[in-house]
Amino acid sequence: MSELDLRLSAATAQDTGSFRLLELPPELCQIIESASEKTAASLFIKGHPTEDAVLCTSEKTYTVRSVVLSNTVLVVTPSRSDPNGTVHIRDQLHEILELVPVVPKLHKLSILLRDMEYDEGDEDRQATMPKYSYEQARSEIQASEAEFIRGLKERRILVLEGQLRPIAPAHLCTILELLLNYLISLSLSHQAAAVEELVSVLSDEHEIPRAVSNQVISWFGDVKEGLWKMDPDAVIRELGVGILRHHRYNPISENEFFKKWKNVVGDTFESSVKLSLLSGDYLRNLSSIGEEATLTYFPSSALPVDPAARFVELFLTRQRWKHEEIEHFLLDIAVNSKERDKLLLKHARALTDTEGIWYTARVSYNN
């Protein structure tokens with residue numbers, strides 16, 4: 001092995017602290033290594049000065065965190081005068097930057113888009129309404145492009161003339177009910193319905209802008225070659241949540257809820273109505289054996305984003321949770337099932353009995 005002469009560079013003092021070592025996870029290495037001149041790797045650092053930085057690919061978001069090293073790492077460059085035997089020390093590093101997959105920070109949208117809701121007949125107030133554009137949100141929200149687009153869809157946010165507008169839940173349910181009715185009256189298959197025909201009838205008979213109905217249709221199924229393949233579960237779920245939304249503080253009996261739900265979706269889809277579609281949006285209450293169960297609207301989207309605060313809220317609501325119930329209220333704060341299990345291990349205590357696994361708080365909370 002050849003020997004190298006290590007020397008402090010004259011610029012070492014002023015360069016100290018100017019280098020950062022970033023450790024890439026395997027999937028990011030693959031993206032960079034497979035990049036070419038035609039398909040460059042898209043990597044972006046996002047974050048307001050008051051936020052922790054994240055790195056975004058086209059598909060995922062990673063938090064950037066510092067890890068202190070037990071040994072010093074030297075940044076060196078070959079000597080220009082003696083490139084084969086001498087290297088100059090440019091910097092000394094005592095930490096590396098680590099990338100860890102993280103849930104995209106899409107929760108900010110609900111705050112940024114407050115008072116910008118799109119509702120039926122609100123064209124008159126559009127001129128005085130605050131604005132937040134698609135491009136502005138895309139550059140500021142800490143999420144990858146794919147996660148950002150998916151987030152707009154899941155949060156039912158319209159893009160109208162380049163501006164973001166959350167659609168009013170009641171208006172969305174009205175549009176979905178109309179779509180189900182017209183599928184029947186126009187004798188269209190929900191697996192291959194002509195989008196233009198549906199959009200036109202909504203525009204002509206109900207004055208629903210085409211830009212609105214087109215986006216709503218795309219949220220609830222796949223559109224290919226002008227035909228809509230509806231996702232029945234997604235539509236049925238949205239209509240069920242629409243009914244349940246009125247019962248946040250006054251529970252509704254389970255039987256009454258199912259009657260209303262089945263009536264809204266119609267005969268064609270009533271057999272597909274099932275409570276599991278609403279997981280993460282309701283609580284099922286049973287005071288005593290023999291009593292009829294009631295349902296309360298309890299959306300995970302309204303819970304704190306911070307894991308510790310979320311568990312406080314969950315255990316203040318219920319002292320103990322079944323595993324299959326609590327996991328649905330953690331999906332939007334855990335990047336995968338492994339991360340979810342870590343959160344449960346950290347913030348809850350598992351108990352097993354004849355009914356299965358239950359979780360209780362690790363500390364005592366008082367209502």
Side-chain angles (χ1 to χ4, degrees), residues 25-27 52 54 60-65 67 98-107 110 142-143 147 150-151 154-155 233 237 240-241 244-245 247-249 251-254 257-258 273-367:
E27 63 268 23
D52 292 332
V54 300
K60 283 186 176 182
T61 301
Y62 298 83
T63 187
V64 183
R65 65 187 186 190
V67 177
E98 185 181 55
L99 299 177
V100 180
V102 67
V103 174
K105 309 295 179 66
L106 293 162
H107 61 278
S110 60
Q142 292 181 305
E147 290 167 329
R150 187 165 59 248
E154 292 173 350
R155 285 163 174 76
D233 283 352
R237 170 185 162 77
V241 170
L244 197 58
R245 192 173 280 110
H247 298 278
R248 188 162 192 166
Y249 304 107
I252 182 174
S253 74
E254 192 169 284
F257 173 73
F258 271 98
V273 166
K274 51 191 174 184
L275 202 54
S276 60
L277 291 176
L278 304 181
S279 295
D281 275 312
Y282 77 93
L283 293 177
R284 189 171 185 269
N285 315 295
L286 193 61
S287 299
S288 60
I289 298 175
E291 282 194 11
E292 183 181 356
T294 61
L295 302 175
T296 304
Y297 182 52
F298 189 74
S300 59
S301 59
L303 296 173
V305 177
D306 174 67
R310 177 163 296 202
F311 276 94
V312 170
E313 183 97 8
L314 288 171
F315 287 120
L316 283 175
T317 302
R318 279 185 173 175
Q319 291 187 343
R320 64 176 195 160
W321 290 80
K322 284 187 176 180
H323 179 269
E324 57 269 24
E325 290 177 334
I326 197 171
E327 64 178 358
H328 292 288
F329 293 96
L330 304 177
L331 295 178
D332 58 339
I333 61 169
V335 71
N336 52 37
S337 59
K338 184 178 179 181
E339 184 67 23
R340 182 198 64 212
D341 291 342
K342 284 183 180 179
L343 290 176
L344 284 168
L345 186 64
K346 180 179 180 180
H347 298 283
R349 191 186 307 276
L351 302 171
T352 304
D353 63 14
T354 55
E355 295 183 33
I357 300 175
W358 295 82
Y359 285 98
T360 61
R362 283 195 170 274
V363 296
S364 177
Y365 300 123
N366 296 317
N367 283 301

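Smallest separation of non-hydrogen atoms from Y282 and L295: CD1-CD2, 3.9 Å. When all heavy atoms of G151 and L106 are compared, the closest pair comes out as CA-CD1, 3.9 Å. Shown here for L343 and P307, the closest heavy-atom pair between the two residues is CD2-CB, 3.8 Å. Contact between I357 and T352 at its shortest, heavy atoms only, is CG1-OG1, 4.0 Å. Nearest heavy atom pair, residue L244 against residue I252, reads CD1-CG2, 4.4 Å. The two residues P104 and T61 have their closest heavy-atom pair at CB-OG1, 4.1 Å.
Side-chain atoms of R320 never come within 3.5 Å of backbone atoms of T360 as a donor-acceptor pair (strictly under, hydrogens ignored). A side-chain donor-acceptor contact under 3.5 Å links R362 to the backbone of L345.
For the residue pair T296 and N285, a side-chain donor N or O sits within less than 3.5 Å of a side-chain acceptor on the partner.
Residues forming a ring pair (Phe, Tyr, Trp, His ring centres under 6.0 Å) with Y359 (at least two apart in sequence, or on another chain): H323. Residues meeting the salt bridge (charged side-chain N to carboxylate O under 4.0 Å, His left out) test with R284, sequence neighbours left out: E254. Looking at residues two or more places apart in sequence or on another chain, you find no salt bridge (charged side-chain N to carboxylate O under 4.0 Å, His left out) involving E339. Scored by the salt bridge (charged side-chain N to carboxylate O under 4.0 Å, His left out) test, E98 finds R65 as partners (sequence neighbours excluded). Residues forming a ring pair (Phe, Tyr, Trp, His ring centres under 6.0 Å) with Y297 (at least two apart in sequence, or on another chain): none. Taking E325 as the reference, R318 meet the salt bridge (charged side-chain N to carboxylate O under 4.0 Å, His left out) condition, with sequence neighbours excluded.
Residues R245 and P299 are not in side-chain contact: their nearest non-hydrogen atoms beyond the backbone lie 4.5 Å or more apart. Residues L330 and F311 are in side-chain contact: their nearest non-hydrogen atoms beyond the backbone lie under 4.5 Å apart. Side-chain contact between D332 and L303 is absent, with no heavy-atom pair separated by less than 4.5 Å. For the pair V102 and Q142, the minimum side-chain heavy-atom distance is 4.5 Å or more.
From K342, atom NZ reaches atom NZ of K346 across 11.0 Å, with rounding to the nearest 0.5 Å. Note that NE2 of H107 and CZ of R155 are 9.0 Å apart. Values are rounded to the nearest 0.5 Å. Residue L344 holds its CG atom at 12.0 Å from CH2 of W321, rounded to the nearest 0.5 Å. Atom CG of L283 sits about 12.0 Å away from atom CG of L278, to the nearest 0.5 Å. In this structure, CD in E313 is found 9.0 Å from CZ in R310, a value given to the nearest 0.5 Å. Taking NE2 of H247 as the start and OG of S253 as the end, the distance is 9.0 Å to the nearest 0.5 Å.
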Query - V64 vs V54, side-chain contact (heavy atoms from CB on, under 4.5 Å): CA-CA, chis, key distance, verdict - result: CA-CA 5 Å; V64 183; V54 300; 5.5 Å; no

Report task. Kindly determine whether L314 and T317 satisfy side-chain contact (heavy atoms from CB on, under 4.5 Å), including the steps that lead there. Result -> CA-CA 5 Å; L314 288 171; T317 302; 5.8 Å; no

Query raised in the report: Does the side-chain contact (heavy atoms from CB on, under 4.5 Å) test come out yes or no for T294 and F257, once each step is laid out?
Result: CA-CA 9 Å; T294 61; F257 173 73; over 6 Å; no

